[in-house]
Amino acid sequence: MKQKTWIAVIVVGTLAVNAMAYVVMRKRRATEAIPATASVTPPRPPSATAAPPPPDPVTAPPVDDASEGLARARRAAGLAALEDRDYDTAVSEFTEALSLRKTPGGDLVELLRIATDLQSRERSRGRGEQAKATREPPTRQTARTRASRAAAARAQQQQPREETTVLEEPRGGLLLVTSTPPGLVVQVDGKAVDLTPARLPLRAGTYRVALAQGDRRLVEETVELEEDGVRSINRDLSEQLAPPPPVAAKPAAPAPPVAVAAPAAAVEPPPTSVATAAVAKSAATGRGELDITSPSLYGEVWVNNRPYGFPPLVAQNLPAGPARVEVRVNGEVKRRMSVEVEPGRRTAVRVR
């Protein structure tokens, strides 16, 4: 009966936390919508008791930028609390970060769900250990006389012995993998299992965990997971995923002077850059390139049913003609479009 009561308390507490987060978000949206409606009302004639004019929008502090920065700080604090196994603080930080964001999105909802699940699991485990410690040892009935002891021994010998084998299910642990930015492929022992943020229930043992983007493996680490243990991996890979700075093209060397006395001598053309040579080769073979960016959706790019990694990227050596471009998140197609590939040219594609 006590176990059912605790389970009910945990469920009600989780629903209350989600309801509080929803109410805070609704209040936040309501307060942000007030300036928009106030600007529609017609101007009133000035009076003695008129309110002071609103502050200049140029000098007003950037509220949205401050809220967004505070939300990012709260998210980082929640990730640090997850690594320290302080799940109560993690739930509080993620809830506050979600309420500060103007538009809910990203991985905050998933991180809050994971932290709430871990918090419930930790509390259940603590209650089980407390109940086990306070449980009284069973009393053993001892025979008071020799006759009773002898009778008990004879009865035990007459009873057939039944050997029962109890197979205990192997207990496992929990692996939590997060990254900045989210959406990286999580590989366990060389096999892709999920995208970050990921919550992976695994058996106790040693695993090789890696974060990858397409075919490129960014970081790899060995993790030892114990029974009923929780391990977390959080990596910031923003610098490794940043696009390289553009390289300035070198000016072409001037052509060597040609002597007038030798009109039959051949004049060598100026050297061309590698990019120009690649484009010329693509034009000769009837192939082109696509420069794909996706600022509003972060997912894996597939061109003609072939994965090319995460944007921004350049898909090279594509046959001329229509090409099907898809953006997939967790294996599900979120965007699909058809683009014309021109031979010998690089076409810019922006996924919205």
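Because only heavy atoms are used, hydrogens play no part in the values below, and waters and symmetry mates are left out as well, while side chains stay in. For clarity, every value in this text was computed on a predicted model and none was experimentally measured.
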Name the one of Asn234, Asp236, Thr196 that satisfies side-chain hydrogen bond (donor to acceptor under 3.5 Å, both in side chains) with Ser179?
-> Thr196
Lys/Arg-Asp/Glu bridge criterion (N-O < 4.0 Å) met for Glu326, Arg336 | yes
Within a strict 4.5 Å, meaning less than it, do heavy atoms of the Ile292 and Val303 side chains meet?
-> yes
May I ask you to check whether Arg217 and Gln187 show a side-chain donor-acceptor distance below 3.5 Å?
-> yes
Check: Met337 and Val327 side chains under 4.5 Å, non-hydrogen atoms = no
Tyr22 side chain near Leu98 side chain, heavy-atom distance below 4.5 Å = no
Side chains of Val186 and Leu200: closer than 4.5 Å at any heavy-atom pair?
-> yes
Is there side-chain contact between Arg74 and Leu108, with at least one heavy-atom pair below 4.5 Å?
-> no
Can Arg85 be said to sit on top of Tyr87's aromatic six-ring, NZ or CZ under 6.0 Å from centre and within 45° of the ring axis?
-> no
At what distance, to the nearest 0.5 angstrom, does CG of Leu79 lie from OG1 of Thr178?
-> 4.5 Å
Without swapping roles, check the side chain of Arg75 against the backbone of Phe94 for a donor-acceptor pair under 3.5 Å.
-> no
Would you sort out whether Val341 and Arg287 count as a side-chain contact (heavy atoms from CB on, under 4.5 Å), showing the intermediate values?
-> CA-CA 8 Å; Val341 179; Arg287 294 180 176 271; over 6 Å; no
How about Lys27 and Val23: do any of their side-chain heavy atoms sit closer than 4.5 Å?
-> yes
Do the charged groups of Glu224 and Arg231 touch, with an N to O distance under 4.0 Å?
-> no
Are Val301 and Val351 close enough that some pair of their side-chain heavy atoms sits under 4.5 Å apart?
-> no
Which is it for Leu218 and Gln213 under the side-chain contact (heavy atoms from CB on, under 4.5 Å) test, yes or no, and what are the steps along the way?
-> CA-CA 7 Å; Leu218 303 175; Gln213 185 187 48; 4.3 Å; yes
Arg127 atom CZ, over 12 foreign heavy atoms within 6.0 Å | yes
Do NZ/NE/NH1/NH2 and the carboxylate oxygens of Glu220 and Arg208 come within less than 4.0 Å?
-> yes
Check: Trp302 and Arg328 side chains under 4.5 Å, non-hydrogen atoms = yes
Value rounded to 0.5 Å, distance of CG in Leu225 from OH in Tyr207 = 6.5 Å
Is it true that Asp107 and Arg113 make a salt bridge, defined as a side-chain N closer than 4.0 Å to a carboxylate O?
-> no
In this structure, OG of Ser124 is separated from CD1 of Ile7 (nearest 0.5 Å) by 7.0 Å
Basic-acidic side-chain contact under 4.0 Å: Arg199, Asp117 | yes
Transitive ILVMFWY side-chain link Leu202 to Val177, under 4.5 Å | yes
Roughly how far apart are Gln119 CD and Arg123 CZ, rounded to 0.5 Å?
-> 4.0 Å
Which value, rounded to the nearest 0.5 Å, describes the distance between Leu100 atom CG and Met25 atom CE?
-> 11.0 Å
When rounded to the nearest 0.5 angstrom, what distance separates CE in Met20 from OG1 in Thr95?
-> 8.0 Å
